[in-house]
Every structure is written in C-alpha cells, then in structure tokens.
Amino acid sequence: MVYLTRKAEFSASHYYNNPQLTPEENHRIFGKCNNPNGHGHNYTLEVTVKGEINPQSGFVVDLKQLKEVMQKEVLDAMDHRFLNKEVPEFTSRTPTTENIAIAIWQRLQPRLNAATLHRVRVYETPDLFVDFYGEA
Amino acid sequence: MKAHLTRRYLFSASHRLHSKALSDEENRATYGKCNNPFGHGHNYHLEVTVSGPVDAQTGMVCNLVDLDNLVAREILDRFDHQNLNMLKEFTVSVPTTENLCRQIYDILQRRFRHAHLDRVRLEETLMNSFEYDGEGTHSLIL
C-alpha cells in the first residue's frame, strides 16, 4: 500500500454563527469569528489517497485526474468565495475547519474511483489544521 | 463524525543532556555536544492533536480558546524561556526532547477535558521531531 498526497491552496471568507443560538451565545462561543461581515484565510488542502501501485503505469492514482477532481469539486466551489453564502453545505452547517474537511471529503470520495481516499487535511493557518479520515 | 484537530505552539528553552547515572566520559560519549556543561537552547515547535465528534451545534471538535488557554497556562508558562534542567520536572530525568514530549503529553492528558488527546509532537529543530501518543510505560528515561 502506497500513500500519495496532493496539495492545493484556496482563499475564502467565512464567519461562525449558529442561528439556533442567541447573539450573546454565538459571541461567547465563537468570539471574533462571529463577526457577521466575515474574515478570510488562505487554506491549504492536503488530499491523501492510498492504493497499490499499478504495475503498468507505476502510479497509485493518475495525478492529473486527482488534480482535476480537486479543482472541480473544491477549488472551483470554494476558492475566492464567502463559504457561508456560496457553498451549499454551509447554509446549514457552520464552516469551521472541521466541517470544511468533512465537506471536502464528501465531495471527493464519490469521485475517486482509482484510489481510496485516506485523509483530508485542511490548514486554516500554518498553526491550525484538521484531519478527517471518514470516521463516523 | 470524528475529526482530528492539530494546533501548533512555539516556546524557547535551554537544556543540557547529562545523566547522573553515567560517568562524565559516558555522558560525553552518549550526548556529544548536547553535554556541554553550560547548556544550549532551542526553539521548540509543539503540535497538540485532539480528536472527537464534531459538535452539531458549534461545528467544532472543541473550542480552541479552551485548548489555547490550557497550553498557555500549563505548558508555555512553565517551559518558555526556562532552563529545563532547573525545573522540578527534570530533577531526576534528563530533559531530552523525548522526555519533554512525554511530560507535555502527561500534563495535557491529566487536564484537558474537552476532547480526546491523540498525540503530542515536538520539533526540537527543523531536522528533529518526536511524537508521543501515550503508548507504553510512563517511566521517564533517567
């Protein structure tokens, strides 16, 4: 089994707010991330797939195909967007880094046929990242 | 759904690797330039990984403010800009980065209640890093 990781970057804005909570509760839980005008990050995405090396190609996965899927499913949808307003998953879920990692997994997983998705890692800043392995 | 969250922190400290169980010659042979009697320092980059179900209400594994406050109070205040050999944590054990990594894991494991502590990773330099996830015995290397 070989693991292959491809990186990508996207920039987006978001804010944290749960409409089921009062403004005071939202402010207490989310602090400055609750500013309704939003704020932004340069996100770094690492997608790790695993599989056996194809004896004919020497590849675990066709990197070009992986790049295209990441471009279409993640970058086209999230790069230079306001996540709360422009990405459907986040109309009902807060776009925390945890939920972004889960949403990216759910977008990529059905599209990857040649290799198995192993991990989605999303860096919000160089000092904060979330890993999602598809665990229930 | 379960996610794993990692936060990085920075602190600077000095240490000297010297075991009382070894002779001076053995210490020099074992620790090389890290045995220099006057000590030396590092910028330590600490990574703390916690995990748990993503809370449906907040979208978070845990509130980062809680993790940051605990790490600031229990780790950074304790170790930043200190000579590790002078601290009570290292009166008997050698302040190698392995032992420091375990100390940090044990402190956080005892006190952090908002998510499961998966792992502590400590970079001593760009070339060296150590990880501890609570496996094995907790006896420190003397």
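Numbered from 1 within each chain, the chains take letters A, B, ... in sequence-line order.
No part of A:P95 comes within reach of chain B, as not one of its non-hydrogen atoms sits under 4.5 angstrom from that chain. Contacts of A:A136 with chain B are made by backbone atoms alone, with heavy-atom separations under 4.5 Å and no side-chain atom involved. When heavy atoms are compared at a cutoff of 4.5 Å, A:I102 approaches chain B solely by way of its side chain, counted from C-beta outward. For chain A, the nearby parts of B:V61 are the backbone and the side chain; heavy atoms of each come within less than 4.5 Å. Neither the backbone nor the side chain of B:L10 comes within less than 4.5 Å of any heavy atom of chain A.
We find the CD-CG distance between A:E124 and B:L64 to be 8.0 Å, quoted to the nearest 0.5 Å.
Counting heavy-atom pairs closer than 4.5 Å to chain B, the top residue among A:D131, A:N26, A:T96, A:N18 is A:D131. Heavy-atom pairs under 4.5 Å with chain B were tallied for A:N99, A:T97, A:T94; the largest tally goes to A:N99.
The minimum heavy-atom distance between A:I29 and B:N63, with the atom names listed, is O-ND2, 3.0 Å. Considering all non-hydrogen atoms of both residues, B:M60 and A:E98 come closest at CA-OE2, 3.3 Å. Here the shortest heavy-atom pairing between A:F30 and B:Q57 reads CZ-O, 4.5 Å.
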Let's go through B:H4 and A:Y133 carefully: what are the C-alpha distance in whole Å and the side-chain angles of both, what is the deciding distance for side chain to side chain contact (heavy atoms under 4.5 Å, CB included) to 0.1 Å, and is it a yes or a no?
CA-CA 9 Å; B:H4 305 255; A:Y133 294 89; 3.6 Å; yes

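A:I100 and A:Y15 are members of different hydrophobic clusters when ILVMFWY side chains are connected at heavy-atom separations under 4.5 Å. The hydrophobic cluster containing A:M78 also contains A:Y43, counting ILVMFWY residues as joined when their side-chain heavy atoms lie under 4.5 angstrom apart, directly or transitively.
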